[in-house]
J.: 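Okay, handing you the structure first.
A quick note: this is a predicted structure, and the numbers were derived from the prediction, not measured. In this chain, numbering begins with 1 at the start of the sequence shown. Just the heavy atoms: all of them, side chains too, but no hydrogens, waters or symmetry mates, feed the values below. Whatever order the structure lists them in is the order used to number ligands and atoms, beginning at 1.
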Amino acid sequence: MDFSLSHEQRAFCESVRRFAEDHLAAGALARTLSDDFPWDVAAKMAAQGLLGITIPERDGGVGGTLIDAVLAMEQVALVCPRSADVMQAGNFGAIRTFSEYANATQKQKYLPDLLAGRRIISVAMTEPDAGSAITELTTSAKPDGNGYRINGSKIFTTHSKEAMVFLVYVRFGAGANGIGSVLIERDAAGFTLGKPSRFMNGELWQQLYFDNVYVPKENVLLPAGGFKKQILGFNAERIGNSARSLALGRLAFNIAKEHAENRKQFGRRLSEFQGIQWKFAEMTIKLEAAQLLLYRAAVGASDGLPAALETAIAKCYCNRTGFEVANEAMQILGGLGFSEESLVQYCVRRTRGWMIAGGSIEMMLNRIAEGVFERRFPQRSHEYIRAVQ
Ligand SMILES: Cc1cc2nc3c(=O)[nH]c(=O)nc-3n(C[C@H](O)[C@H](O)[C@H](O)COP(=O)(O)OP(=O)(O)OC[C@H]3O[C@@H](n4cnc5c(N)ncnc54)[C@H](O)[C@@H]3O)c2cc1C
């Protein structure tokens, strides 16, 4: 057992950190206050080989491992937390499920732009009546000629404002086995977006409406029966979500540490008060433990996608740690931490969202409990099951 990074991994971290310091440090605060996706950052990351890290070289990716992508994410987020969104979109999000299951024609059509940082693919699964209970989604795909007609609606889609293509979970038939996914382009006839709404974390999202949208057969990513595969792919998204949570917690910690070493009250530095020292000690325990859980889940996936149970444990603990540490860091900075002059309030707002997004803390706990008792615990009520039968 070895808990340290290899020589190559340390060198990789240093090179990503240098890139981030040189190209992303300036403007990091301004980026957190802007609604615009940082396309300039995406282009620079593509040129640096930071997009598609885990996608095979034959598909235009870098051919690295999941832990490589996690290490890169950490180094970027520690310098520019908003740029971590670019890392997520280009390495862990819908792009990962897409690259795992797309056929050669689909890859040829979409991957070059996605890997060049010119375009984004978003995942659209949540519906007004299907959140945690995602298998209750109703957006339908009905056969029509050489394709399908899509009807339904999605909410909370990240990057709804800028994605060129959406990986949309749809229902081809009844039950969980009837679920699959299709690729719908932004300009498809019958596809409209509602007015922008804002999450507390600053992100804009728009409701997606599919009104008899025609999707040719070539744009089916996974047919009926593909739900399990989609969730396997989604575990990569959860690792990215965990890495961002943890990195933003650590960034807030670093800022608070520097502040505590310089700020004086009552004639002493904040770091000299034991009440403040213990906050840092508690934060350190959480950060270190979360990092080990994250690395374990990512290293275990070096040949493919991460395991569900290890991912759930990592996500749950990284999400909590990221938020709790960022929140405590804010307390240590006092009014400054609560101000938009500091990145810390941004870290608090972003980490809070990831406790809900990508499978909430509670859904991760449900999955972990299934691992403990080695059995499934269906969440549906008997009344509901009777009603749909
Ligand atoms: C920042 C952010 C980004 C997002 N990005 C996307 C995206 O890109 N694409 C997309 O499709 N969706 C996205 N979502 C939506 C997200 O996936 C859902 O919000 C999430 O799955 C929870 O669904 P819900 O909001 O409907 O809450 P609900 O499912 O209604 O749950 C409400 C509360 O009840 C708890 N709960 C529900 N069921 C159980 C249970 N069985 N046991 C215990 N507790 C339970 C939940 O944990 C939660 O606390 C995003 C959300 C956020 C906040």
J.: Are Arg10 and Glu14 within salt-bridge range, i.e. N to O under 4.0 Å?
T.: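 No, no charged N to carboxylate O under 4.0 Å.
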
J.: Taking Glu282 first and then Lys286, would you say they form a salt bridge - that is, a charged N and a carboxylate O separated by under 4.0 Å?
T.: no

J.: Looking only at the aromatic ring of each residue, does the gap between the centers of Tyr148 and Tyr214 stay below 6.0 angstrom?
T.: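 No, the ring centres sit 6.0 Å or more apart.
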
J.: Any side-chain heavy atom of Leu50 within less than 4.5 Å of one from Phe19?
T.: yes

J.: List the atom pairs, donor and acceptor, that lie under 3.5 Å between side-chain atoms in residues 161-175 and the rest of the protein, sequence neighbours left out.
T.:
{"residue": "Lys161", "atom": "NZ", "partner": "Asp35", "partner atom": "O", "Å": "3.1"}
{"residue": "Glu162", "atom": "OE2", "partner": "His159", "partner atom": "ND1", "Å": "3.1"}
{"residue": "Arg171", "atom": "NE", "partner": "Leu137", "partner atom": "O", "Å": "2.8"}
{"residue": "Arg171", "atom": "NH1", "partner": "Gly173", "partner atom": "O", "Å": "3.0"}
{"residue": "Arg171", "atom": "NH1", "partner": "Gly175", "partner atom": "O", "Å": "2.7"}
{"residue": "Arg171", "atom": "NH2", "partner": "Thr135", "partner atom": "O", "Å": "2.6"}
{"residue": "Arg171", "atom": "NH2", "partner": "Leu137", "partner atom": "O", "Å": "3.2"}

J.: At less than 4.0 angstrom from any atom of ligand 1, which residues have a non-hydrogen atom? List them by chain and residue number.
T.: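 Close residues (ligand 1, cut-off 4.0 Å): Val123, Ala124, Met125, Thr126, Gly131, Ser132, Phe156, Thr157, Thr158, Phe199, Asn201, Glu203, Gly353, Ile356, Ala357, Gly358, Ser360, Glu362, Met363, Asn366, Gln379.
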
J.: Would a single hydrophobic cluster contain both Leu78 and Phe253, if residues Ile, Leu, Val, Met, Phe, Trp and Tyr are joined by side-chain heavy-atom contacts under 4.5 Å?
T.: no

